[in-house]
Colleague: 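Quick one: structure below, then a few questions.
Note that the numbering runs from 1 along the sequence shown for the chain.
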Amino acid sequence: MDERELEEIRRRKLLELQRQRELEELRRQQELQRQIELQKKEILRRILEPEARERLARLKLAHPDIAEAVENQLIALAQAGKIKQKISDEVLVSILRQISARKREPRIIRK
């Protein structure tokens, strides 16, 4: 083997190692994301009544950004110990109404 062949073999091995590291990192990130989602679901299961969980799941299908914000806020409140009892569907509806009242639709005025 000459020097060029050896260099080509080294280059291929290096690329293969880099790909393996990237795949391992991607797997770790996916596993971490999966664990975070499981923890979020568990916390929401503990603080929401079944009807409220269903409503939040439906909202996530229609408006994922709003549902994510509500979930994160509820989880933060639960972790801070500010939620003393399970949140009912009616309470969740009132929270969602407050959020939608804050979020105003932009108006387009044509002259």
Colleague: Just one of I83, I87, I47 clears the side-chain contact (heavy atoms from CB on, under 4.5 Å) bar with L77, so which one?
Modeller: I83
Colleague: To the closest 0.5 Å, what do you measure between CZ (R10) and CG (L15)?
Modeller: 14.0 Å
Colleague: Whether the side chain of K84 engages the backbone of G81 through a donor-acceptor N/O pair (distance < 3.5 Å, no angle test) should be reported.
Modeller: yes
Colleague: Between E31 and R34, is there a side-chain N and carboxylate O pair less than 4.0 Å apart?
Modeller: yes
Colleague: Give a yes or no on whether a salt bridge exists between E8 and R12, defined as a side-chain N under 4.0 angstrom from a carboxylate O.
Modeller: yes
Colleague: Under 4.5 Å between side-chain heavy atoms, counting indirect links through other Ile/Leu/Val/Met/Phe/Trp/Tyr residues: same cluster for I66 and V93 or not?
Modeller: no
Colleague: Out of curiosity, Q39 CD to I75 CD1, how far, rounded to the nearest 0.5 Å?
Modeller: 9.5 Å
Colleague: Residues in salt bridge (charged side-chain N to carboxylate O under 4.0 Å, His left out) with R55, at least two apart?
Modeller: D89
Colleague: Do K40 and E68 sit within salt-bridge range, that is, some charged N less than 4.0 Å from a carboxylate O?
Modeller: yes
Colleague: Do E42 and R46 sit within salt-bridge range, that is, some charged N less than 4.0 Å from a carboxylate O?
Modeller: yes
Colleague: As an exercise, state the distance from CG of L56 to CG of L48, rounded to the nearest 0.5 Å.
Modeller: 6.5 Å
Colleague: With a sphere of 6.0 Å drawn around CD of E3, does it hold more than 12 non-hydrogen atoms of other residues, nucleotides or ligands?
Modeller: no
Colleague: Rounded to the nearest 0.5 Å, how far does CG of D2 lie from CD of E5?
Modeller: 4.5 Å
Colleague: Decide side chain to side chain contact (heavy atoms under 4.5 Å, CB included) for L74 and I43; before the verdict, give the C-alpha distance in whole Å, the side-chain angles of both, and the deciding distance to 0.1 Å.
Modeller: CA-CA 9 Å; L74 290 173; I43 291 171; over 6 Å; no
Colleague: Carefully, step by step, assess Q18 and E22 under the rule side chain to side chain donor-acceptor pair (under 3.5 Å).
Modeller: CA-CA 6 Å; Q18 287 175 339; E22 289 171 358; over 6 Å; no
Colleague: State plainly whether the residues E25 and R28 are in salt-bridge range, i.e. N to O under 4.0 Å.
Modeller: yes
Colleague: My understanding is that only residues two or more places apart in sequence, or in another chain, count here; which of them pass side-chain hydrogen bond (donor to acceptor under 3.5 Å, both in side chains) with K60?
Modeller: E71
Colleague: For Q98 and I95, indicate whether the former's side chain and the latter's backbone hold a donor-acceptor pair under 3.5 Å.
Modeller: no
